[in-house]
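Scroll down for the structure; my scribbles are underneath it.
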Amino acid sequence: MMLKLTKQLKVVALLCVYTFLLEISVFLFKQEIGYEGSTLPQYNFFILVEFIFYAYFFKQIVRNVYLLKVINLFLLMFPVLWYIFSFYCFNILQWSSYAFVFGGTFIIFFALIYCYEKLTSDETTSLFNEGEFWIAIGLIVYYTCVVPYMGMFHYLTENYEKLAVKLKSLNLITNIIMYLLFAYAFLCKTIKTKKSYL
């Protein structure tokens with residue numbers, strides 16, 4: 001049975017492939033090539049791509065006219081702000097926490113509005129079969145937990161290094177939860193397709 005993904009889920013799938021390739025490149029730089037420098041520039045550039053992709057994802061699925069205007073404004077302003085945060089507030093070799101907090105906060109907001117729309121909608125579709133809904137839930141779980149930590153990252157590493165290392169596991173756990181919800185989002189489309197053929 002072929003997996004039929006919506007245009008919106010294809011956007012997220014493409015971002016997942018990019019994320020996978022990024023993680024492989026970071027691993028290769030550190031292990032195989034013996035790169036001793038920082039891999040933070042790769043992650044800082046990833047922030048730009050990540051939040052643009054997620055904003056575009058929500059632009060395709062939300063119905064609120066005002067929110068669509070906010071998303072369009074975000075798509076225009078975020079690259080500019082990312083550049084200012086990454087090259088002027090910090091340098092590209094440092095973690096751009098301002099960009100992450102700014103982008104992550106907006107993604108939480110977009111996801112909450114979308115979920116509110118789905119939960120208050122008059123449509124009778126089952127949320128268990130709505131892949132976009134589970135993507136939104138995954139993003140809420142991840143960014144709600146990680147944005148405060150990443151926002152305080154510089155302060156914690158400079159003043160409470162042991163605590164910063166312990167809290168790093170929070171990033172890993174919520175990352176796993178998010179990608180499990182993403183996997184369900186893709187699989188529920190397969191389950192829905194199979195049921196329609198029965």
Side-chain angles (χ1 to χ4, degrees), residues 5-29 35 37-117 131-132 135-157 171 174-175 178-179 181-182 185:
L5 297 178
T6 62
K7 179 183 174 184
Q8 300 85 357
L9 289 180
K10 286 178 182 175
V11 168
V12 177
L14 186 60
L15 181 60
C16 289
V17 170
Y18 175 72
T19 305
F20 179 71
L21 294 174
L22 172 78
E23 294 298 341
I24 287 176
S25 73
V26 167
F27 176 79
L28 290 175
F29 272 119
Y35 180 68
S38 173
T39 55
L40 285 174
Q42 291 163 289
Y43 286 112
N44 283 331
F45 279 106
F46 177 71
I47 291 172
L48 175 63
V49 175
E50 173 184 31
F51 292 131
I52 293 294
F53 265 73
Y54 286 138
Y56 181 74
F57 167 75
F58 285 111
K59 183 180 176 182
Q60 303 303 310
I61 60 175
V62 296
R63 295 178 182 170
N64 185 299
V65 177
Y66 297 108
L67 184 61
L68 285 171
K69 289 180 180 178
V70 172
I71 292 172
N72 285 329
L73 184 63
F74 177 85
L75 286 167
L76 289 172
M77 293 299 299
F78 184 71
V80 175
L81 291 173
W82 174 87
Y83 183 82
I84 293 167
F85 293 149
S86 299
F87 291 97
Y88 291 99
C89 296
F90 301 99
N91 69 57
I92 199 66
L93 297 174
Q94 294 176 301
W95 173 245
S96 185
S97 58
Y98 294 172
F100 188 87
V101 169
F102 182 82
T105 302
F106 270 88
I107 297 306
I108 294 167
F109 174 68
F110 298 156
L112 286 172
I113 297 295
Y114 168 73
C115 288
Y116 175 78
E117 281 185 352
E132 292 82 2
I135 297 289
I137 294 296
L139 293 173
I140 291 168
V141 168
Y142 178 72
Y143 287 109
T144 301
C145 295
V146 175
V147 162
Y149 168 64
M150 290 300 192
M152 298 185 296
F153 183 76
H154 291 291
Y155 177 77
L156 289 173
T157 52
N171 184 14
T174 54
N175 214 354
M178 180 182 74
Y179 283 115
L181 288 168
F182 281 17

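Bear in mind that the values here come from a model prediction, so they are computed numbers and not experimental data. This chain uses plain numbering: 1 for the first residue, then up along the sequence. The basis for the numbers below is simple: all heavy atoms, side chains too, and nothing from hydrogens, waters or symmetry mates.
- In this structure, the separation between CG on L112 and CG on L139 is 10.5 Å, given to the nearest 0.5 Å.
- One distance of note links CD of E23 with CZ of F46; it measures 7.5 Å at 0.5 Å rounding.
- Between F102 and F106, the angle of the ring planes lies from 30° to 60°, which puts this pair in the tilted group.
- Across all their heavy atoms, G104 and V147 have their closest contact at CA-CG2, 3.8 Å.
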Using residues 66-76 as the side-chain source, report each donor-acceptor pair under 3.5 Å to any protein atom, sequence neighbours left out, with the distance given to one decimal.
residue : atom : partner : partner atom : Å
N72     : OD1  : K59     : NZ           : 3.0
N72     : ND2  : L68     : O            : 3.2

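- Distance check: Y142 OH to N171 CG gives 4.0 Å after rounding to the nearest 0.5 Å.
- What you find for E132 and T6 is that their closest heavy atoms are OE2-OG1, 2.7 Å.
- Aromatic pair Y54/F51: ring centres not closer than 6.0 Å.
- The heavy-atom pair separating V11 from F53 by the smallest distance is O-CD2, 3.5 Å.
- Residues I140 and T144 share a closest heavy-atom pair of O-OG1, 2.6 Å.
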Quick one: side chains of residues 92-101, donor-acceptor pairs under 3.5 Å with protein atoms, not counting sequence neighbours, listed by atom name and distance.
residue : atom : partner : partner atom : Å
Q94     : OE1  : N91     : N            : 3.1
S96     : OG   : S86     : OG           : 3.4

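- Here the OG1 atom belonging to T105 is positioned 11.5 Å from the CZ atom belonging to F109, to the nearest 0.5 angstrom.
- For the atom pair CD1 of I47 and CZ of F78, the computed distance is 6.5 Å after rounding to the nearest 0.5 Å.
- Scanning all heavy atoms of the two residues, the minimum distance from I137 to C115 falls at CD1-SG, 3.8 Å.
- Scanning all heavy atoms of the two residues, the minimum distance from R63 to E117 falls at N-OE1, 3.1 Å.
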